Amino acid sequence: MENKLNTSAFGKNDIRGIFPSSVNSEVFLYAGMGYVKWAIEKFKEKGNVKRPDELCFCVAMDARLHSPELKNAAIEGVTKFGANVIDIGLAPTPLGYFSEFAKIPENVLNGLTINGALIITASHNPSEYNGLKMTFNRQSLSEEDIKEVKAASEKVFEQSKEGRLPYVNKGFVKEFNLIEIYSEKLLDGFSKCAEGLKIVVDSANATAGIVAPKIYRDMGADVIEMYSEPDGNFPNHHPNPSDESTLDDIKKAVVSKNADFGIAFDGDSDRIGVVDSEGKMITGDKLLLIYALDLIENLKIRGEVPTVVSEVKCSQVLYDTINQSGGNAVMYKTGHGYIKSKMKETGALLAGEMSGHVFFKDRYYGFDDAIYAGMRLIEIVSKHKKQNPDFKIQSLLEPFNKVFISSEIRLKCPNEFKKPVLEKLSAKVDNDLFNSNIKDIVTLDGLRIIFEDGFALIRQSNTEPVFTMRFEAKTKEQCECYQNALVGLTEKLVDEVSAQKGINV
C-alpha cells in the first residue's frame, strides 16, 4: 500500500481523471468508504444518528471499459464500511439521480430507503478517463462536500494502513434494473404527442441507447437510431455533443432522412446536443431559450414569472430575451453542481449550460437529464407542427440573428498555471487592449468582460487542463477583434508563467 492516497482526481463537481494513473480501484475503494463516513457525519449534523447498516446507496456505471472494475471497487468500499448497495448496472447518469426518487420494491431495499447514488462515469471525456459523480439526500455534492469526502477518504486510508478501521458487518449488494420504472415515470407526464415527427437519435455508443430511442418511439415519434449499442471504445465518434466535430454523422443523417431535428447524447446522457432540420448545431444557450420561452408562455396563464439560471459562457441574447419575455434570468458559474445549487437558492424552474446540461424543476426533479430534455423538445416541436405543418425548429431562434457569436475556444493550460495566468490577465485587461469601452467585468467564474455590443469570456475548465473562451458582438469583425486580443494575450501569459516554472507547455 502506498503511504498516501492519490486524491488528485477529486475536483469541484466530481472525481475525474485518467485511468489508472489518477482513478483506479484503490482510489474508488477508499472514496466509497470515505463517502459513507461523510454521509454518516451529515446525518449526525442534523441530529439524526445513523449506523452504516441503516444506509443504502445506488451504484451505476457508464459504458467505459474500466467502469466495471471501478464500480466493483466503489461497491466494495461502501459495503466494507457497513452500508448497503443497490447495483443498477450500466445506466445513464440520470437514472442514478432518479434512483433517490424511484419507487424501488421494498423486498429489494430490505425496508431501507435510498440515501444517495454513486455513478461511475467520466461523462463527455475521452475513453481513457473515468470518474465518480455523487449525490446525497437528492442533491449532487457541492464543491465543499467533495472536499469533505476527499478528507474522509484520506482519513479512512490512514486508519486502514494502521489497522484502525472500525469493525462493522459488511453491507449487502443487490442488483436491480431501474430502466422500466424510470421509463414509465417519464412517459407518465407526456401524451403520445409526437405522431408525424421524425427525429434522428445518436447515442454515441454510450448509455442513452439502452433507454432514449424506445421512450421517444413511445411518444409517437419516428426514430432513426445511430450508434445505440454501448461500446466503451466509442468507435464512431467521441461522446461529447458540445464539440461540433462529433455531430458530423447526425448532421448528414438529419438532412438525408428529411428529419425534423436530431438529438445527440454524451457519454453518460446528462448532456444533450441538438441539430436543426438543416443540419446545423443548436448551441446550449439557444436550446435553453427554446425551453425558457415555452415555459414562460405556459406559466403566464397562472400569472407566474419563472426564474431561469444559466452560466457565464452563454450569449447575452439569452438573458435579455428571457427578461424581455416575462421571465427572470440569472447568471452563475459553469458546472452542474453550481447550477443545481443556484437553482435551489433562487427557486428556479429551469436551468442550462452551454455544454448541453439542462435542468427542469418544472414537471420534473431538477437534475440534468438529457433524455428528459429530449422529451420536452419533442413536445415543443410537436405543438408547433400541429399549428403549422411547415414549422422548423430554427424559427424559434430569431433573437440570435442580431449578433455574431464565436464557437468555444479551448486554450491548453496546465491546471496549476490557470490561477496565476488569470491573475496576470486581470491586471492587463483595459479599454486599450480591446479598442472598445468596457462596461463591466463579471468575476464570478473567470472573467466575463462586457462591452456595449457584446462580451469576451475566459474561464478555467472544471474538468480539463484548458481555458474555455467565448466571444460575442454585433458584427463578425468586432467579435474577431475581441477574440484575437484575449487569445493572444492569454497565450503570451501561459508561455510567461510556464517559463517561470521551467516547464514547456
Side-chain angles (χ1 to χ4, degrees), residues 2 4-17 22-24 26-59 70 73-85 93 96-97 99-100 114-123 130-162 164-166 168 171 332-345 367 415 419 445 460 462-463:
E2 297 291 333
K4 189 176 180 182
L5 182 67
N6 180 5
T7 55
S8 61
F10 281 73
K12 294 181 178 181
N13 292 296
D14 53 23
I15 297 172
R16 191 87 58 98
S22 59
V23 295
N24 51 52
E26 181 180 68
V27 173
F28 275 50
L29 171 71
Y30 288 101
M33 297 174 77
Y35 169 80
V36 176
K37 178 179 173 65
W38 171 84
I40 291 170
E41 287 299 317
K42 286 295 166 185
F43 275 115
K44 191 184 295 184
E45 287 173 9
K46 296 182 179 180
N48 187 5
V49 177
K50 292 275 190 181
R51 302 189 311 271
D53 64 312
E54 295 178 294
L55 303 180
C56 190
F57 304 99
C58 276
V59 179
L70 296 175
I75 289 174
E76 176 68 16
V78 170
T79 56
K80 191 173 182 180
F81 211 81
N84 307 292
V85 166
T93 284
Y97 297 153
S99 68
E100 289 196 69
I114 300 299
N115 304 110
L118 299 175
I119 305 155
I120 288 80
T121 181
S123 188
N130 218 315
L132 183 65
K133 293 181 178 180
M134 297 170 279
T135 74
F136 177 72
N137 195 25
R138 299 184 172 184
Q139 297 287 329
S140 291
L141 269 62
S142 67
E143 182 178 358
E144 188 57 37
D145 292 334
I146 293 171
K147 286 180 182 177
E148 292 172 1
V149 171
K150 176 182 175 182
S153 302
E154 291 170 336
K155 181 70 173 177
V156 170
F157 179 84
E158 290 297 320
Q159 290 175 327
S160 177
K161 189 173 64 173
E162 297 168 7
R164 294 191 296 111
L165 273 180
V168 289
Y332 200 52
K333 299 178 184 179
T334 297
H336 64 88
Y338 296 128
I339 295 293
K340 288 172 185 172
S341 65
K342 198 65 175 180
M343 283 185 78
K344 186 177 181 181
E345 176 190 327
F367 55 75
N415 290 328
K419 186 177 179 181
D445 186 4
Q460 303 179 44
N462 293 326
T463 57

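Hydrogens, waters and symmetry mates play no part in the numbers below; they use all other heavy atoms, side chains included. Note that the structure is a prediction, hence the values are computed from the model and not measured.
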* Is the NZ or CZ atom of K340 positioned over Y97's six-membered ring, under 6.0 angstrom from the centre and within 45° of the axis? -> yes
* Asked: Taking the side chain as C-beta and beyond, is there a heavy-atom pair between N84 and T79 under 4.5 Å?
  -> no
* To do: Using atom types as modelled and distance alone, determine if a side-chain donor or acceptor of D53 lies under 3.5 Å from a backbone N or O of A83.
  => no
* Decide if atom NZ of K50 counts as having more than 12 heavy atoms of other residues, nucleotides or ligands within a radius under 6.0 Å. => yes
* Can you find a pair of side-chain heavy atoms, one from P52 and one from I40, that are under 4.5 Å apart? -> yes
* Structure fact -> Of all heavy-atom pairs linking V168 and K80, the shortest is CG2-O, 3.4 Å
* Asked: Within the side chain of E100, is there an N or O that forms a donor-acceptor pair under 3.5 Å with the backbone of R138?
  -> yes
* S22 side chain near S8 side chain, heavy-atom distance below 4.5 Å -> yes
* Asked: Is the closest basic N to carboxylate O distance between E41 and K44 below 4.0 Å?
  -> yes
* Does the pair K155 and E158 meet the rule for a salt bridge (Lys or Arg N to Asp or Glu O under 4.0 Å), with working shown? -> CA-CA 5 Å; K155 181 70 173 177; E158 290 297 320; over 6 Å; no
* Sort out for me which residue in D14, I146, N13 forms a side chain to side chain contact (heavy atoms under 4.5 Å, CB included) with M134. => I146
* Asked: Under 4.5 Å between any side-chain heavy atoms of L118 and L132, yes or no?
  -> yes
* **Separation between CD1 of I114 and SG of C58, rounded to the nearest 0.5 Å** => 3.5 Å
Return all side-chain donor-acceptor pairs below 3.5 angstrom for residues 31-39, not counting sequence neighbours, or 'none' if the list is empty.
| from | atom 1 | to | atom 2 | distance (Å) |
| --- | --- | --- | --- | --- |
| Y35 | OH | T135 | O | 2.5 |
| W38 | NE1 | E148 | OE1 | 2.9 |

* So do V23 and F28 actually touch side chain to side chain, heavy atoms under 4.5 Å? -> yes
* Asked: Considering all heavy atoms of both residues, which atom of R16 and which atom of K133 are nearest to each other, and what is their separation?
  -> NH2-CE, 4.0 Å
* Asked: Does any N or O in the side chain of E154 come within less than 3.5 Å of the main-chain N or O of L5, such that one atom is a donor and the other an acceptor?
  -> no
* Asked: Strictly by modelled atom types, are S160 and Y30 linked by a side-chain donor-acceptor pair under 3.5 Å?
  -> yes
* Asked: What heavy-atom pair brings T334 and D445 nearest, and what distance separates the two atoms?
  -> N-OD2, 2.7 Å
* Asked: Passes side chain to side chain contact (heavy atoms under 4.5 Å, CB included), T7 versus V27? Steps please.
  -> CA-CA 7 Å; T7 55; V27 173; over 6 Å; no
* Check the side chains of E143 and Y338 for a donor-acceptor pair under 3.5 angstrom, ignoring hydrogens and angles. => yes
* **Pairwise side-chain contact, V156 with K161, heavy-atom cut-off 4.5 Å (strictly under)** => no
* Structure fact -> Rounded to the nearest 0.5 Å, the NZ atom of K333 sits from the OG atom of S341 at a distance of 8.5 Å
* Under 3.5 Å donor-acceptor, N48 side chain and F43 backbone -> no
* Asked: Taking all atoms of both residues into account, what is the closest heavy-atom pair of N130 and A122, and its distance?
  -> CA-CB, 3.3 Å
* **E54 (side chain) donor-acceptor with R51 (main chain) under 3.5 angstrom** => yes
* Stepwise side chain to side chain contact (heavy atoms under 4.5 Å, CB included) test for E26 and N6 -> CA-CA 9 Å; E26 181 180 68; N6 180 5; 5.8 Å; no
* To do: Could you grab the distance from atom OG1 of T121 to atom CG of L70, nearest 0.5 Å is fine?
  => 11.0 Å
* L55 to N115 - nearest heavy-atom pair and separation -> CA-OD1, 3.3 Å
